[in-house]
Amino acid sequence: MNIFSLKGKVAFITGGSYGIGFAIASALAEAGARIVFNDINEELVSKGIESYKAIGIDVKGYVCDVTDEDAVLKLSKKIEEEIGVVDILVNNAGIIKRIPMTEMSASDFRKVIDVDLNAPFIVAKTFIPSMIKKGHGKIINICSMMSELGRETVSAYAAAKGGLKMLTKNIASEYGEYNIQCNGIGPGYIETPQTAPLREQQQDGSRHPFDQFIISKTPAGRWGTTDDLKGPAVFLASEASDFVNGHILYVDGGILAYIGKQPG
Ligand code: NAP
Ligand code: GCO
């Protein structure tokens, strides 16, 4: 028996058109799951469907703003009618706004909290009842280094991802008795469009200062790639992790364990 198999399971990944969500969905598909994803607009969903098709994965994609409770409820009913009950939920959709806190507007702060924290709450509470009925469920919330650490300009994002860590633990506590496991994945610094501004080559051809900083703070001596997240995601989505609950699995190359390389 392959305890990592996802055969017969339906997995829903929010914001799954590209990046981490796309990689995780691809890994879950490779393990046998039927993939459903959403994104914020038609262009992203269509591009996403094409990208999945290009690697041989047949998916269903829907346009849905995960901060809109009514839209999420409608989508959950549509998925159940067209595909089936969702067994595995990956709360991946997210945004970041890098602004010094004292210069950040309250509306910008709220927008980040809305997408990165309120939305995982909305989506999880929408899909948990059908998981309870089915007798099992897996929820994976995509946390961050900022679930544990702060840095300049990311106050809203860190507040959201810190809250998402505790929401993950609370869902695990409240719904564990229904055979629902809720865990988090905390990616380190991963090469995606979201971190591209931190890796931009400088005019003189040198690496971005932040790029060099992250390399010095990562024992692995490199940025992560979305491939690094595939195995951890399959583990947390499969019965191999049926007794793992309320855990944040940091996939960070060792950043959280490391004081950093001495300069020079
Ligand atoms: P991302 O740029 O953060 O975006 C993820 C996807 O979510 C995008 O397609 C985005 O659409 C979509 N999205 C944003 N708001 C949405 C909404 N209201 N409703 C539906 N979809 C929405 O991609 P990523 O870098 O792959 O990050 C994925 C997740 O991992 C995020 O939660 C991020 O915070 C987290 N994370 C990233 C890193 C990293 O180093 N990249 C590290 C740790 C954690 P748009 O393109 O229109 O924004
Ligand atoms: C930043 C980065 C990080 C990563 C990720 C690290 O500006 O510090 O965007 O926040 O996205 O969350 O785990």
Side-chain angles (χ1 to χ4, degrees), residues 12-26 36-49 51 61-69 71-72 75 90-100 110-123 140-165 167-168 184-200 208-211 213-214 217-218 222-230 232-233 248-256:
F12 173 45
I13 298 88
T14 67
S17 298
Y18 66 83
I20 289 172
F22 178 84
I24 287 177
S26 309
V36 182
F37 79 98
N38 79 298
D39 223 305
I40 190 82
N41 60 47
E42 187 52 54
E43 188 194 352
L44 276 170
V45 170
S46 309
K47 277 190 184 154
I49 290 170
S51 304
Y62 299 92
V63 177
C64 177
D65 176 347
V66 288
T67 65
D68 179 340
E69 194 169 5
V72 170
L75 176 60
V90 182
N91 273 314
N92 166 77
I95 61 170
I96 190 166
K97 290 181 187 291
R98 298 185 184 92
I99 306 167
R110 287 194 193 99
K111 179 72 188 157
V112 175
I113 298 289
D114 210 17
V115 178
D116 294 4
L117 180 57
N118 294 345
F121 156 75
I122 287 168
V123 179
I140 302 171
N141 293 323
I142 307 301
C143 297
S144 159
M145 293 287 94
M146 275 57 221
S147 296
E148 301 292 343
L149 303 169
R151 83 174 186 86
E152 298 75 12
T153 75
V154 294
S155 59
Y157 184 83
K161 293 296 188 181
L164 185 56
K165 173 177 77 169
L167 178 64
T168 300
I185 288 178
Y189 280 81
I190 311 294
E191 291 174 345
T192 74
Q194 189 249 50
T195 55
L198 305 173
R199 288 179 280 109
E200 257 157 28
H208 190 295
F210 193 88
D211 181 0
F213 168 67
I214 284 303
K217 293 288 279 182
T218 311
R222 66 174 175 87
W223 284 71
T225 69
T226 55
D227 285 348
D228 290 318
L229 299 164
K230 290 183 169 181
I248 312 297
L249 179 53
Y250 287 101
V251 185
D252 66 354
I255 294 177
L256 288 178

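Positions are given from 1, in the same order as the sequence printed here. Indexing begins at 1, ligand by ligand and atom by atom, following the structure's order.
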Salt bridge (Lys or Arg N to Asp or Glu O under 4.0 Å) against E43, all qualifying residues, sequence neighbours excluded: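 Checked E43 against salt bridge (Lys or Arg N to Asp or Glu O under 4.0 Å); matches are K47.
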Which atoms of ligand 2 are found less than 4.0 Å from any heavy atom of [X]?
{"X": "R151", "answer": "1 (C), 7 (O), 8 (O)"}
{"X": "M146", "answer": "10 (O)"}
{"X": "Y189", "answer": "1 (C), 2 (C), 3 (C), 4 (C), 6 (C), 8 (O)"}
{"X": "P187", "answer": "13 (O)"}
{"X": "Y157", "answer": "5 (C), 10 (O), 11 (O), 12 (O)"}
{"X": "I96", "answer": "7 (O), 9 (O), 10 (O)"}
{"X": "M145", "answer": "6 (C), 13 (O)"}

Counting only heavy atoms from other residues, nucleotides and ligands, does the tally under 6.0 Å from CZ of R151 exceed 12?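 Buried by this count: over 12 neighbours within 6.0 Å.
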Give the single entry among [options] that approaches [atom] most closely by any heavy atom.
{"atom": "atom 5 (C) of ligand 1", "options": "G94, G21, A160, S144", "value": "G94"}
{"atom": "atom 7 (O) of ligand 2", "options": "K161, E148, K97, R98", "value": "R98"}
{"atom": "atom 5 (C) of ligand 2", "options": "G150, S144, G94, P197", "value": "S144"}
{"atom": "atom 25 (O) of ligand 1", "options": "N91, D116, T192", "value": "T192"}
{"atom": "atom 7 (O) of ligand 1", "options": "A93, G48, S17, G16", "value": "A93"}
{"atom": "atom 27 (O) of ligand 1", "options": "V63, T14, I20", "value": "I20"}

Where does L198 meet ligand 2, judged by heavy-atom distances below 4.0 Å: at the side chain, the backbone, both, or neither?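 Side chain only.
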Heavy-atom side-chain proximity of [X] to [Y] below 4.5 angstrom:
{"X": "I248", "Y": "S147", "value": "no"}
{"X": "F12", "Y": "N38", "value": "yes"}
{"X": "I190", "Y": "I20", "value": "yes"}

For [X], which part has a heavy atom under 4.0 Å from ligand 1: side chain, backbone, both, or neither?
{"X": "N41", "answer": "neither"}
{"X": "T195", "answer": "side chain"}
{"X": "L44", "answer": "side chain"}

Using a 4.0 Å cutoff against the non-hydrogen atoms of [X], which atoms of ligand 1 qualify?
{"X": "Y157", "result": "33 (C), 34 (O), 35 (C), 36 (N), 44 (C)"}
{"X": "C143", "result": "43 (C), 44 (C)"}
{"X": "C64", "result": "19 (N), 20 (C)"}

Taking K230 as the fixed residue, which of D227, D228, T226 is the one that meets the side chain to side chain contact (heavy atoms under 4.5 Å, CB included) rule?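 That would be D227; it is the only one of D227, D228, T226 passing the side chain to side chain contact (heavy atoms under 4.5 Å, CB included) with K230.
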Could you say whether the N/O atoms of V154 and ligand 2 ever approach to under 3.5 Å?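 No, V154 has no N/O under 3.5 Å of an N/O on ligand 2.
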Compute the shortest N/O to N/O distance between T195 and ligand 2 and return yes if it is under 3.5 Å, no if not.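 For ligand 2, there is no N or O atom that lies under 3.5 Å from one belonging to T195.
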Can you give each donor-acceptor pair under 3.5 Å made by side-chain atoms of residues 90-98, sequence neighbours left out, with the distance rounded to 0.1 Å?
| from | atom 1 | to | atom 2 | distance (Å) |
| --- | --- | --- | --- | --- |
| N91 | ND2 | P120 | O | 3.4 |
| N91 | ND2 | N141 | OD1 | 2.9 |
| N92 | OD1 | G21 | N | 3.3 |
| N92 | ND2 | T14 | O | 3.0 |
| N92 | ND2 | G15 | O | 3.0 |
| R98 | NH1 | Q194 | O | 3.4 |
| R98 | NH2 | Q194 | O | 2.8 |
| R98 | NH2 | Q194 | OE1 | 3.2 |

Write out the residue and atom name of the closest protein heavy atom to atom 46 (O) of ligand 1, then the distance separating them to 0.1 Å.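 Atom 46 (O) of ligand 1 sits closest to the protein heavy atom Y18 OH, 2.6 Å.
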Using a plain distance cutoff, I'd like to know if V66 has any nitrogen or oxygen under 3.5 Å from a nitrogen or oxygen of ligand 1.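 Yes, since at least one N or O of V66 sits under 3.5 Å from an N or O of ligand 1.
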